[in-house]
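Below: one structure, written as structure tokens.
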Amino acid sequence: MGFLYSQFFKTPPYPKGNFAGKTVIVTGSNTGLGKEAARHYARLGASKVILAVRTVSKGEDAKQEIISSTGNKNVAVWKLDMSDYASIQAFAKRAESELDRVDIFCANAGVVRSEFHELNGHEEGVAINVISTTLLLANMMPKMIETAKKYNTRPTFSIVGSAAYEHTTFPQRSAPEGQILKQLADRTIAEKYWDQQYPVSKLVILHVTRAIAAHHPASEFPVTINIINPGLCWSELARDTDGWGFYLFRLVAARSTEVGGRTVWHGGQAGVETHGKYISDCVVEEPSALVTDKAGQEVEERVAKEVLQAIEQIQPGVSKKFHV
């Protein structure tokens, strides 16, 4: 009922403000919510909007559309393939060397699949929605921390999550110590609980976001890290899972792509009060008991530790990039 109330009776506010002087990066922004969020930042005068996309040609099409609709020509396209850890590292190095500042980073790129796909030793949804996103977050921290110090400002790194996290019992949470990611990567277990696989990926990245913020509190850390729920929207995210039933449900209940993009925009420009928080309908919301009760808190520490260890295996020393 809460989901339906949100979809039918809550409308995220239309973005306002002045982003002159700000550099904004939005991933997965050649289409869908990412493109609409980037369009809002461009419309509101951002000095640089970078569309971080897997396919540059599609990004160039989105760039021209955004420039045409906003009149802001300060839009660039950079390649970022979230399925490729080397691409993530190269993107962050490029930002470090070519950008004077990074004020807002909207980590919008994600994936949902209708069947099991293995990627980099993990199920693809976990690989991209969790491992790659955390690797990207860590690698962007030095530039965003530098921006905070150099310009006496507080940058924001916002991750697009989902209220779908509530639709799982997280069966892998009972795995032995250090084995949660291993069980999430197990094809037999994943297929047994396949309806929960995407929700689990969004639950895990919610846990990771909260845990990182808890270990790096706002009073000591100069970058705001939050996670947002855009609600059910018209986008290409679920293009691999659409059947007629879900299509008709989206036809009735889904927000428009532009309205959904407002939530991505909001998370990126949100303030220090959202550090480590879950934002739904552009308002900070307490996650469900699955996240916040004693068992949830214990799992949070376990799974965050495993994810940080996973990115350390990819890039030794990367977790130290959170150090101020």
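Counting non-hydrogen atoms of other residues, nucleotides and ligands closer than 6.0 Å to NZ of Lys182 gives a total of 12 or fewer. More than 12 non-hydrogen atoms from other residues, nucleotides or ligands lie less than 6.0 angstrom from CZ of Phe116.
Taking CZ of Arg43 as the reference point, atom NZ of Lys16 lies at 10.0 Å (rounded to 0.5 Å). Rounded to the nearest 0.5 Å, atoms CD1 (Ile311) and OG1 (Thr134) are 6.0 Å apart. Atom CG of residue Leu137 and atom CE of residue Met144 lie 9.0 Å apart, to the nearest 0.5 angstrom. Considering CD1 of Ile50 and CG of Asn74, their distance stands at 11.0 Å, rounded to 0.5 Å. Once rounded to the nearest 0.5 Å, the distance linking CD of Gln196 with CG of Leu184 reads 11.0 Å. The CG atom of Asn129 sits 12.5 Å away from atom CG of Leu203, with the distance rounded to the nearest 0.5 Å.
The side-chain heavy atoms of Met141 and Phe157, taken from C-beta on, include a pair separated by under 4.5 Å. Considering only heavy atoms from C-beta on, Arg154 comes within 4.5 Å of His275 through its side chain. Within the 4.5 Å cutoff, the side chain of Glu60 has heavy atoms near those of the Lys63 side chain. The side-chain heavy atoms of Asn139 and Gln89, taken from C-beta on, include a pair separated by under 4.5 Å. Looking only at side-chain heavy atoms (C-beta outward), His216 and Val223 stay at 4.5 Å or farther from each other. Annotation: side chain of Ile314 is in contact with side chain of Ile131 (closest heavy-atom distance under 4.5 Å). Side chains of Lys58 and Thr31 form no contact here, defined as non-hydrogen atoms less than 4.5 Å apart. Using a 4.5 Å heavy-atom threshold, the side chains of Val75 and Leu51 count as touching.
A donor-acceptor pair under 3.5 Å is absent between the side-chain atoms of Thr168 and the main chain of Pro199, judged by distance alone. The main-chain N or O of Gln64 is never found under 3.5 Å from a side-chain atom of Ser68 such that the two would form a donor-acceptor pair. A side-chain donor-acceptor contact under 3.5 Å links Ser132 to the backbone of Met82. No donor-acceptor pair under 3.5 Å is formed between the side chain of Glu124 and the backbone N or O of Arg113. Side-chain atoms of Glu123 never come within 3.5 Å of backbone atoms of Gln197 as a donor-acceptor pair (strictly under, hydrogens ignored). The closest donor-acceptor contact from the side chain of Ser162 to the backbone of Ala164 lies under 3.5 Å. Panel note: side chain Thr27, backbone Ala109; a donor-acceptor pair is recorded below 3.5 Å. Between the side chain of Asp84 and the backbone N or O of Ala86 there is at least one donor-acceptor pair closer than 3.5 Å. For the pair Lys48 (side chain) and Gly21 (backbone), a donor-acceptor distance under 3.5 Å is absent. Using a distance-only test at 3.5 Å, with no hydrogens or angles considered, no donor-acceptor pair links the side chain of Gln183 to the main chain of Ile180.
Linking ILVMFWY residues whenever their side-chain heavy atoms come closer than 4.5 Å, directly or via other members, leaves Val26 and Trp78 in distinct clusters. Using a 4.5 Å cut-off between side-chain heavy atoms of Ile, Leu, Val, Met, Phe, Trp and Tyr, with links allowed through other members, Ile279 and Ile104 fall into different hydrophobic clusters. Residues Val102 and Leu44 fall into different hydrophobic clusters, defined by Ile, Leu, Val, Met, Phe, Trp and Tyr side chains chained together at heavy-atom separations under 4.5 Å. Residues Val324 and Met140 share a single hydrophobic cluster, defined by chaining ILVMFWY side chains whose heavy atoms lie under 4.5 Å apart. Clustering ILVMFWY residues whenever any of their side-chain heavy atoms sit less than 4.5 angstrom apart, transitively, puts Ile205 in the very cluster that holds Leu80.
With no hydrogens or angles considered, no side-chain donor-acceptor pair links Asp186 and Gln172 at under 3.5 Å. A side-chain donor from one of Ser83 and Asp81 sits under 3.5 Å from a side-chain acceptor of the other. Under 3.5 Å, the side chains of Arg101 and Thr23 contain no donor-acceptor pair of N or O atoms. Counting only N and O atoms by type, the side chains of Ser280 and Asn229 include a donor and acceptor under 3.5 Å apart. No donor-acceptor contact under 3.5 angstrom links the side chains of Glu286 and Thr292, judged on distance only.
Across Ala52 and Ile25, no two heavy atoms sit closer than the pair CB-CG2, 4.2 Å. Between Lys79 and Arg54, the shortest heavy-atom distance links the atoms NZ-O, 2.6 Å. Residues Asn108 and Gly28 share a closest heavy-atom pair of ND2-O, 3.1 Å. Between Ala46 and Asn72, the shortest heavy-atom distance links the atoms O-ND2, 3.0 Å. Residue Ser201 comes nearest to Gly125 through the heavy atom pair CB-O, 4.0 Å, listed as atom of the first residue, atom of the second, then distance. The two residues Pro230 and Leu33 come nearest to each other via the heavy atoms CB-CD1, 3.7 Å.
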(message) Walk me through whether Ile225 and Thr209 qualify under side chain to side chain contact (heavy atoms under 4.5 Å, CB included).
(response) CA-CA 7 Å; Ile225 303 170; Thr209 303; 3.9 Å; yes

(request) Under the salt bridge (charged side-chain N to carboxylate O under 4.0 Å, His left out) rule, what do Glu65 and Lys35 come out as? Steps first, then yes or no, please. (result) CA-CA 10 Å; Glu65 182 185 330; Lys35 182 170 73 173; 3.0 Å; yes

(request) Go through the steps to decide whether Glu118 and Arg187 satisfy the test salt bridge (charged side-chain N to carboxylate O under 4.0 Å, His left out), and finish with yes or no. (result) CA-CA 8 Å; Glu118 186 273 335; Arg187 179 187 289 267; over 6 Å; no

(message) Please evaluate residues Asp281 and Thr263 with respect to the criterion side chain to side chain contact (heavy atoms under 4.5 Å, CB included), reporting the C-alpha separation (whole Å), side-chain torsions for both, the decisive distance (0.1 Å), and the verdict.
(response) CA-CA 7 Å; Asp281 295 320; Thr263 64; 5.8 Å; no

(message) Pair Thr156, Phe105 - check side chain to side chain contact (heavy atoms under 4.5 Å, CB included), show working.
(response) CA-CA 6 Å; Thr156 299; Phe105 198 111; over 6 Å; no

(request) Show your working on side chain to side chain contact (heavy atoms under 4.5 Å, CB included) between Val204 and Val126 and close with a plain yes or no. (result) CA-CA 8 Å; Val204 173; Val126 173; over 6 Å; no

(request) Take Arg262 and Glu258 through the test salt bridge (charged side-chain N to carboxylate O under 4.0 Å, His left out) and record every step on the way to the result. (result) CA-CA 7 Å; Arg262 298 178 191 182; Glu258 184 278 316; 2.9 Å; yes

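A ring-centre distance under 6.0 Å is found for His40 and Tyr14. Aromatic rings from Tyr165 and Tyr278 are positioned such that their centres are separated by under 6.0 Å.
Salt bridge Glu301/Lys305: absent, no basic N to carboxylate O contact under 4.0 Å. Between Glu36 and Arg39 there is a salt bridge, since at least one side-chain N of the basic residue sits less than 4.0 Å from a carboxylate O of the acidic one. Glu146 has no carboxylate O lying under 4.0 Å from a charged side-chain N of Lys149, or vice versa, which leaves the two without a salt bridge.
Between Tyr41 and Trp265, the two ring planes are tilted [angle within 30° to 60°].
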